[in-house]
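First up is the structure itself, then whatever we jot down about it.
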Amino acid sequence: MIIYNPKDWLSTTIYLHTFRIFKRLLPYLIASAVISAALAYWELSYVDAEDRNMLKNVSIVHSLLGFVLSLLLVFRTNTAYDRWWEARKQWGSLTNTSRILAIKMNAFLSPDDKVNRSFYRKSIALFAETLSSYLKSDYTKFMLDEKLNPELNTLDDKKHGPNQVAALIYKKTNILYKEGKITGDQLITLNKELTALTEVTGACERIKNTPIPLGYSSFIKTFIILYTATLPIGYVFSLGYFVIAAVPFIFYVLAALEMIGESIEEPFGADADDLPIEKMASNIKKHCNEILVA
C-alpha cells in the first residue's frame, strides 16, 4: 500500500498520470479516439440534413443510459471498497487478538517459564505470518529453526497453514491446563482469543475466494465499451471534431472507475492499493516479542 498525504493535490495528480490504470487504458483510449474521428468525419462529410436530425436524437438514449451506468459504477465501487475495508477490519481484529493473547499469556505464565513463553511469543507471530503468506498464495512452506519448541517444525506445507498454527496454539494451551500451569478459569478466558484466530482466517478466505460475479463484471465492461463507442453518433453535430478528445476522456473516467474497483476488490494481492498484511504481521511479531519477554 502506498502511504500518501490526501491533502496534497499536486502529488496525487502527478501520481494519476503514472498510475498503472492509465497505462493499461492507453491502447483503448487511442482506439476510442480513432473510432470517434472516423465517425465524426463520416457524419460531418456524408450524412444529409434529414438523417442528421434523426442521429441527434441518439443523444437522448445516451443521457438515459448514462444515469443507469453511473448507478452501476457506484454500486461496483462501493462493493469493492466494502471488501477492502472488511479485510482491513479483520486484520485489525487479528492484531488486537494477538496482542491480548500475548498479554494474557504473559500474565498467566511464570516469568521463569522460558520454554512456554518462547512458544507463544513465536507461535502467535507465526500465525499472522502464515496467514499473510497463505492469502497471497495457495500454500507456502513454513520452516523454522526452533530449539526450544521443536513442535513448530512439524508444519506440513501441503496442508492449511493457519489452521496448523492455530491447532498447535490450542493444543499447547490445553497441555498447560492439564499440567496445572494455568487454571480452568484462565483457559476459559483464553478461549475467546483462540477462537478468534480461526474466525479471522475464515473471514479472510471468504473475501479472497468470493470475487465479484463474472456476469456482473462482464456486463459493466461491455456496457462501458458500447456506450462510449456510440457517443460520437449523437454528439458529433453539437461538438464537432471535439468528440475526438471528449469521447476518450469519458471512456477513461468510466473505465478507470471499473478498474479501481477491480484493484481494491482483491485486498490481499501485491497492487499499490492492497493491504500491507506483511507489514501488519511484522508488527504483530514485534509486539509479541515486546510483551512475552522470556
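Counting from 1, the numbers follow the sequence of the chain as shown.
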>> Quick one: does any side-chain atom of Asn289 pair with a main-chain N or O of Lys285 as donor and acceptor, under 3.5 Å?
In response: yes
> Does Leu231 reach the side chain of His62, with side-chain heavy atoms less than 4.5 Å apart?
Replying inline: yes
>> Is there a side-chain contact between Ile225 and Tyr28 in this structure, where contact means two heavy atoms from C-beta onward sitting under 4.5 Å apart?
In response: no
Show me, pair by pair, the donor-acceptor contacts under 3.5 angstrom made by side chains of residues 32-46, not counting sequence neighbours?
from, atom 1, to, atom 2, distance (Å)
Ser36, OG, Ser32, O, 2.8
Ser45, OG, Tyr41, O, 2.8

> Hey, are the side chains of His160 and Thr201 touching, using non-hydrogen atoms and a 4.5 Å cut-off?
Replying inline: yes
> Could you state the interatomic distance from CG (Leu239) to CD1 (Ile244), rounded to the nearest 0.5 Å?
Replying inline: 11.0 Å
> Okay, side chain of Trp84, backbone of Asp273: is any donor-acceptor separation there less than 3.5 Å?
Replying inline: yes
> So, does Lys172 use its side chain to make a donor-acceptor pair with the main chain of Phe119 at under 3.5 Å?
Replying inline: no
> Under 4.5 Å between side-chain heavy atoms, hopping through other hydrophobics if needed: is there a path connecting Tyr227 to Leu25?
Replying inline: yes
>> So which atom in Thr77 and which in Ile264 form the shortest heavy-atom distance, rounded to 0.1 Å?
In response: O-CD1, 4.3 Å
>> Tell me the closest heavy-atom pair linking Tyr235 and Ser63, and the distance in Å.
In response: OH-OG, 3.8 Å
> Are Val61 and Leu226 co-members of a hydrophobic cluster defined by side-chain heavy atoms under 4.5 Å apart?
Replying inline: no
> For the side-chain contact (heavy atoms from CB on, under 4.5 Å) test, which of Leu168, Asn116, Leu194 pairs with Thr173?
Replying inline: Leu194
> What is the distance from atom CD1 of Ile224 to atom CD of Glu258, rounded to the nearest 0.5 Å?
Replying inline: 5.5 Å
> Can any side-chain N or O of Ser218 pair as donor or acceptor with the backbone N or O of Leu214 at less than 3.5 Å?
Replying inline: no
>> Test question: given the 4.5 Å side-chain rule for I, L, V, M, F, W and Y, name all other residues clustered with Phe67, or answer none.
In response: Leu71
>> Using side-chain contact (heavy atoms from CB on, under 4.5 Å), reason through Arg76 and Glu265 one step at a time and then give a plain yes or no.
In response: CA-CA 10 Å; Arg76 173 75 169 90; Glu265 76 178 1; 3.1 Å; yes
> Got Met105 and Ile291 here, is their nearest side-chain heavy-atom distance under 4.5 Å?
Replying inline: no
>> Using every non-hydrogen atom in the two residues, find where Ile169 and Ser123 come nearest and quote the distance to one decimal.
In response: CG1-OG, 3.7 Å
> Looking only at heavy atoms, which two atoms of Val293 and Glu290 are closest? And how far apart?
Replying inline: CG2-O, 3.2 Å
> Has Phe237 got more than 12 heavy atoms of other residues, nucleotides or ligands less than 6.0 Å from its CZ?
Replying inline: yes
> Does some side-chain heavy atom of Glu86 sit less than 4.5 Å from a side-chain heavy atom of Asp82?
Replying inline: no
> Lys23 versus Leu26: any side-chain heavy-atom pair under 4.5 Å?
Replying inline: no
> What heavy-atom pair brings Arg117 and Ser110 nearest, and what distance separates the two atoms?
Replying inline: NE-O, 3.0 Å
>> Check this for me: Lys221, atom NZ, are more than 12 non-hydrogen atoms of other residues, nucleotides or ligands nearer than 6.0 Å?
In response: yes
>> Let me confirm one number: the OH-CG distance from Tyr177 to Asp185, rounded to the nearest 0.5 Å.
In response: 9.5 Å
> Taking Phe268 as the fixed residue, which of Leu135, Leu131, Asp274 is the one that meets the side-chain contact (heavy atoms from CB on, under 4.5 Å) rule?
Replying inline: Leu135
> Are there more than 12 heavy atoms of other residues, nucleotides or ligands under 6.0 Å from atom OH of Tyr241?
Replying inline: yes
> When rounded to the nearest 0.5 angstrom, what distance separates OG1 in Thr95 from CD1 in Ile284?
Replying inline: 4.0 Å
> For Ile60, which fellow cluster members are found when Ile, Leu, Val, Met, Phe, Trp and Tyr are connected by side-chain heavy-atom distances below 4.5 angstrom, either directly or through intermediates?
Replying inline: none
> Would you find a donor on one side and an acceptor on the other, under 3.5 Å apart, between the side chain of Ser93 and the backbone of Lys89?
Replying inline: no
> Under the side chain to side chain contact (heavy atoms under 4.5 Å, CB included) test, which residues partner Ser282, sequence neighbours left out?
Replying inline: none
> Just by modelled atom types, is the Ala128 backbone N or O under 3.5 Å from a matching donor or acceptor in the Ser132 side chain?
Replying inline: no
>> For the OH atom on Tyr216, are there more than 12 heavy atoms of other groups (residues, nucleotides or ligands in this structure) within a distance under 6.0 Å?
In response: yes
> Once you round to the nearest 0.5 Å, how far does NE2 of His287 lie from CD1 of Ile124?
Replying inline: 13.0 Å
> Does Glu205 pair with Lys208 as a salt bridge, N-O distance under 4.0 Å?
Replying inline: no
> Same hydrophobic cluster for Phe219 and Ile212, using side-chain heavy-atom links shorter than 4.5 Å among ILVMFWY?
Replying inline: yes
> Are any non-hydrogen side-chain atoms of Glu193 and Leu197 less than 4.5 angstrom apart?
Replying inline: no
> Are Ile260 and Leu72 joined in one hydrophobic group, where the rule is that I, L, V, M, F, W and Y side chains link up if heavy atoms are under 4.5 Å apart?
Replying inline: yes
>> The test is side-chain contact (heavy atoms from CB on, under 4.5 Å); show your working for Phe223 and Leu254 and say whether it passes.
In response: CA-CA 10 Å; Phe223 197 170; Leu254 298 176; over 6 Å; no
> Partners of Lys171 by salt bridge (charged side-chain N to carboxylate O under 4.0 Å, His left out), sequence neighbours excluded?
Replying inline: none
> Does Leu176 reach the side chain of Tyr120, with side-chain heavy atoms less than 4.5 Å apart?
Replying inline: yes
> Do Ile175 and Leu190 belong together in a cluster built from hydrophobic side chains that touch within less than 4.5 Å?
Replying inline: no
> Between atom OG of Ser118 and atom CG of Leu109, what is the distance when rounded to the nearest 0.5 Å?
Replying inline: 11.5 Å
>> Filter on salt bridge (Lys or Arg N to Asp or Glu O under 4.0 Å), then keep only pairs touching residues 237-250, sequence neighbours left out; what's left?
In response: none
> For Arg83 and Ile207, which heavy atoms make the closest approach, and how far apart are they?
Replying inline: NH2-O, 2.6 Å
